[in-house]
Number of protein chains: 2
Amino acid sequence: MPPDLEGLEGFTCSKEWIAEEGHAALHLKHMGLQVLATPYMLLYGEVTARECLDQHLPAGMASVGVEALVRHLAPIPVGSRVMIEARIISVDGKGVSIVIRVKRHDGTLAGEIYHVRRIVRLEELKKRIKQPHS
Amino acid sequence: MPPDLEGLEGFTCSKEWIAEEGHAALHLKHMGLQVLATPYMLLYGEVTARECLDQHLPAGMASVGVEALVRHLAPIPVGSRVMIEARIISVDGKGVSIVIRVKRHDGTLAGEIYHVRRIVRLEELKKRIKQPHS
């Protein structure tokens, strides 16, 4: 584990997003209901958490998401602001656990995510990935 | 609960996807690693599960995702086939639990998702959604 990951527990990052129209739940769209689909709530949360970790990783290393538990608590209208707060709760070997809270423009808690990322060497990851037609 | 949801336990749907280039993990892309990001694995899984349920819902009703536990087990190269199998494991009131398995083009298990959807009346859902500037 890179030494600068030690002591990261409790480190918190926040990021503001705008719920994009292209990220609406398609099956509700035809009813005039333009709300963010759960996978995009996870996307906003993962990117916020990853960027929070990235600033502490040495060159040649990255983190990959291995697990996420997503609870979608309230609808987020498309076009509205979404506040994401990612808090590192533990660093254990190459695994980093992060809790992400998603708040709606009106302050309502719209989602909670428990997320685990693994620190990997990019060169090793490359070897693990076989191309589809190889 | 609509009467035709009774007896759905064990009902299974399968759907084949192609991992889209626009759904690659962006932080790995600049390294030449074109692999599907976890939120899009969830997107493919949720859409497969929702369409599986939709065919059993009467007009005016829909399902919304409320919870998902995603485990990402193996990388999925962009451009390759992804097989999704969604199996309804229980129906309890308005809640439907679904287990989703994600297989890679070479047969490797690439992901597992435990997913809960809630059956809602579209008219009631509409009332719950406040527009961002209202």
Can you tell me which portion of [X] sits under 4.5 Å from chain A's heavy atoms? Options are side chain, backbone, both or neither.
X	result
B:L33	side chain
B:R50	side chain
B:A62	side chain

Top residue by heavy-atom pair count (under 4.5 Å) with chain B, among A:L122, A:V47, A:V116, A:D54? A:L122
Max heavy-atom pairs within cutoff under 4.5 Å with chain B, candidates A:T38, A:V35, A:I76, goes to A:T38
Is any side-chain heavy atom of B:E112 closer than 4.5 Å to a side-chain heavy atom of B:V102? no
Below 4.5 Å, heavy atoms only, C-beta onward: do A:E67 and A:S97 meet side chain to side chain? no
For B:H23, all residues meeting ring pair (Phe, Tyr, Trp, His ring centres under 6.0 Å), sequence neighbours excluded: B:Y40, B:Y44
Looking at every non-hydrogen atom in both residues, tell me the closest pair between B:A86 and B:A49 and how far apart they are. CB-CA, 4.0 Å
With ILVMFWY side chains joined below 4.5 Å, transitively, what does B:L109's cluster contain besides itself? B:L73
